[in-house]
Novice: 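Supplied in structure tokens, the structure appears directly below.
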Amino acid sequence: MTTTAPTPAHVRLANEIAAQFRHRDPAAAAEEIAAHIRAFWDPRMRALLVADAEAGRPGLDPLIRAVAALLPPRH
């Protein structure tokens, strides 16, 4: 039997934010979401999100992949 790991909280939250911006222009939505994440997310959560996007994590919304490219690189 195979089991799948639960979706990490930061991925679930990012995907939920992306869903709220789905009706917007993708480039503008990515900029606004990135600004929100920079302002309100803990730096460790931002770093996890960027790492997951860079690693090609399955289940990460494509809009969030664009957002991660706008965030500062991991240290």
Side-chain angles (χ1 to χ4, degrees):
M1 176 172 81
T2 61
T3 60
T4 58
T7 302
H10 66 281
V11 172
R12 182 184 45 77
L13 180 58
N15 286 344
E16 289 173 2
I17 294 170
Q20 298 300 314
F21 283 80
R22 187 70 52 224
H23 67 285
R24 307 284 303 271
D25 170 71
E31 289 286 348
E32 289 184 46
I33 295 168
H36 170 81
I37 288 174
R38 281 192 295 272
F40 297 107
W41 282 34
D42 181 275
R44 293 167 293 188
M45 284 180 62
R46 287 194 307 263
L48 287 171
L49 186 65
V50 171
D52 283 343
E54 289 174 351
R57 172 182 265 289
L60 191 61
D61 190 288
L63 179 56
I64 296 303
R65 292 184 193 286
V67 167
L70 299 174
L71 297 173
R74 295 179 294 146
H75 297 334

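On a predicted model such as this, the values are computed, not experimentally measured, just so you know. FYI, the numbering just counts along the sequence from 1.
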Novice: What residues form a salt bridge (charged side-chain N to carboxylate O under 4.0 Å, His left out) with E32, not counting sequence neighbours?
Specialist: R24

Novice: Test of understanding: with side chain to side chain contact (heavy atoms under 4.5 Å, CB included), list the residues that count as partners of A66, not counting sequence neighbours.
Specialist: A30

Novice: Testing the basics here: between A14 and L49, what is the closest heavy-atom pair and its distance to 0.1 Å?
Specialist: CB-CD1, 3.9 Å

Novice: Are the side chain of N15 and the backbone N or O of D61 linked by a donor-acceptor pair below 3.5 Å?
Specialist: yes

Novice: Please name the pair of heavy atoms, one in L63 and one in A29, separated by the smallest distance, quoted to 0.1 Å.
Specialist: CD2-CB, 4.1 Å

Novice: Say you draw a straight line from CG of L13 to CE of M45; how long is it, rounded to the nearest 0.5 Å?
Specialist: 5.5 Å

Novice: May I ask you to test the I17-W41 pair for a side-chain heavy-atom distance under 4.5 Å?
Specialist: yes

Novice: Return the set of residues passing side-chain hydrogen bond (donor to acceptor under 3.5 Å, both in side chains) with D42 (not counting sequence neighbours), or none when no residue passes.
Specialist: R44

Novice: Quick check: does any side chain N or O of R38 sit under 3.5 Å from a backbone N or O of L71, one acting as donor and the other as acceptor?
Specialist: no

Novice: Once side-chain hydrogen bond (donor to acceptor under 3.5 Å, both in side chains) is applied, do any residues pair with E16, and if so which ones, sequence neighbours excluded?
Specialist: R12

Novice: According to salt bridge (charged side-chain N to carboxylate O under 4.0 Å, His left out), who are the partners of R57, at least two apart in sequence or on a separate chain?
Specialist: D52

